[in-house]
Amino acid sequence: MFDYDAEMRFLQGRFRAACGVRGGDRVLDVGCGGGQTTREAAADAAPGHVVGVDVSERMLEHARQHTSDEHVSYLLADAATYDFGAATFDVCISRFGVMFFADPVGAFRNLRRALRPGGRLVVMVWQPRAANEWARVIPETIGGDFRDESPFTLGDPAVVREVLTSAGFSEPTFTAVNEQLYYGADVESAYQNVLRLREPQALLAELAPGEADHARAALRAMLSAHDSGDGVLFDSAAWIVSTM
Ligand SMILES: C[S@@+](CC[C@H](N)C(=O)[O-])C[C@H]1O[C@@H](n2cnc3c(N)ncnc32)[C@H](O)[C@@H]1O
């Protein structure tokens with residue numbers, strides 16, 4: 001599995017601080033994936049409780065294996081529609097887990113209902129693909145386009161503002177986060193990490209064998225150019241969006 005927590009190592013501190021979870025909080029972590037943010041929120045919320053929700057049983061299995069905190073529970077459900085109960089949480093957080101809703105207004109309305117009046121929503125979302133070096137140079141190097149634009153659906157603050165206010169949230173604030181993404185300790189581990197990602201795999205699979213060899217060599221050369229000596233790094237651009 002791609003080591004997403006390692007990739008996020010320079011962003012996570014910013015996100016955790018912005019979440020501002022306090023002792024006793026009841027927290028919902030949407031699209032919690034492998035659970036790093038859930039566990040950190042639980043450490044901040046103790047003796048409160050954190051629920052990590054995800055649609056992927058595989059991700060939740062990974063999260064459960066890495067969690068021993070009794071203040072955490074994991075839930076296999078679609079956060080867009082699941083009935084969490086009204087006013088169940090003080091804070092709803094998500095690190096890159098809320099960009100994939102088919103009906104964003106309906107989904108955020110569902111999350112608003114799960115929050116108590118005055119409860120906070122703090123989510124980190126990608127800015128547009130063009131602002132994200134990692135999302136441009138990998139497909140460019142392989143020689144194709146990544147087709148999945150879902151990670152970037154909340155990149156435009158005007159769109160996010162419209163979605164959130166239509167869902168019943170107040171005017172959101174946006175904090176730009178420009179930190180580096182960590183792809184691996186050296187070129188070889190970064191190369192193996194990229195090959196674990198679905199979209200590079202799909203692009204490479206479409207190439208003729210000779211072209212694929214050429215693309216792999218180009219990928220290694222590009223990763224080598226991003227080797228800082230202290231890890232293979234790419235620029236990134238995200239928003240931390242906060243509202244109530
Ligand atoms: C990019 S991953 C981020 C995972 C995690 N937040 C992290 O930062 O490590 C996005 C996650 O959102 C989950 N997800 C997508 N749509 C969802 C939904 N409607 N309800 C719950 N989880 C969802 C995916 O299964 C995936 O685990």
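When a ligand or atom number is given, it counts from 1 through the structure's own listing order. No hydrogens, no waters, no symmetry mates; every other heavy atom, side chains included, goes into these values.
- When Arg58, His62, Arg95, Met99 are ranked by how near their heavy atoms come to atom 3 (C) of ligand 1, first place goes to Arg95.
- Heavy-atom contacts of Tyr4 reach the following atoms of ligand 1: 1 (C), 3 (C), 7 (C), 8 (O), 9 (O) (cutoff under 4.0 Å).
- Here the protein heavy atom with the shortest distance to atom 1 (C) of ligand 1 is Phe96 O, 3.3 Å.
- A donor-acceptor contact under 3.5 angstrom links the side chains of Asp148 and Ser150, judged on distance only.
- Cation-pi geometry between Arg64 and Tyr74 is not satisfied (NZ or CZ under 6.0 Å from the ring centre, within 45° of the ring normal).
- Under 4.0 Å from ligand 1, not a single heavy atom of Ala107 appears.
- Comment: Arg95 does not engage Asp29 in a salt bridge, judged by the lack of any side-chain N to carboxylate O separation of less than 4.0 angstrom.
- In terms of protein heavy-atom proximity, atom 23 (C) of ligand 1 is nearest to Val55 CG2, 3.5 Å.
- Within the 4.0 Å heavy-atom criterion, the part of Met59 lying near ligand 1 is the side chain and not the backbone.
- A side-chain donor-acceptor contact under 3.5 Å links Ser189 and Asp186.
- At the top of the distance list for atom 27 (O) of ligand 1, counting protein heavy atoms only, stands Asp54 OD2, 2.7 Å.
- In this model, no donor atom of one side chain and acceptor atom of the other lie less than 3.5 Å apart for Asn132 and Arg129.
- With respect to Glu206 and Arg147, a salt bridge is recorded, a charged nitrogen being found less than 4.0 Å from a carboxylate O.
- Distance from atom 20 (N) of ligand 1 to its nearest protein heavy atom, with residue and atom name: Ala79 N, 3.0 Å.
- Between Asp78 and ligand 1, at least one pair of N/O atoms sits closer than 3.5 Å.
- Looking at atom 11 (C) of ligand 1, its nearest protein heavy atom turns out to be Gly31 O, 3.6 Å.
- Salt bridge annotation for Arg116-Asp90: present, with a cationic side-chain nitrogen under 4.0 angstrom from a carboxylate oxygen.
- Val137 and Leu197 fall within a single hydrophobic cluster, where Ile, Leu, Val, Met, Phe, Trp and Tyr are joined by side-chain heavy atoms under 4.5 Å apart, directly or via other members.
- Remark: ligand 1 atoms within the under-4.0 Å shell around heavy atoms of Ser56 are 25 (O).
- Heavy atoms of Ala77 come nearer than 4.0 angstrom to ligand 1 in at least one pair.
- In summary, of the residues considered (Phe234, Trp126, Tyr183), a ring pair (Phe, Tyr, Trp, His ring centres under 6.0 Å) with Trp134 occurs for Trp126 alone.
- In terms of protein heavy atoms, atom 16 (N) of ligand 1 is closest to Phe100 CB, 4.0 Å.
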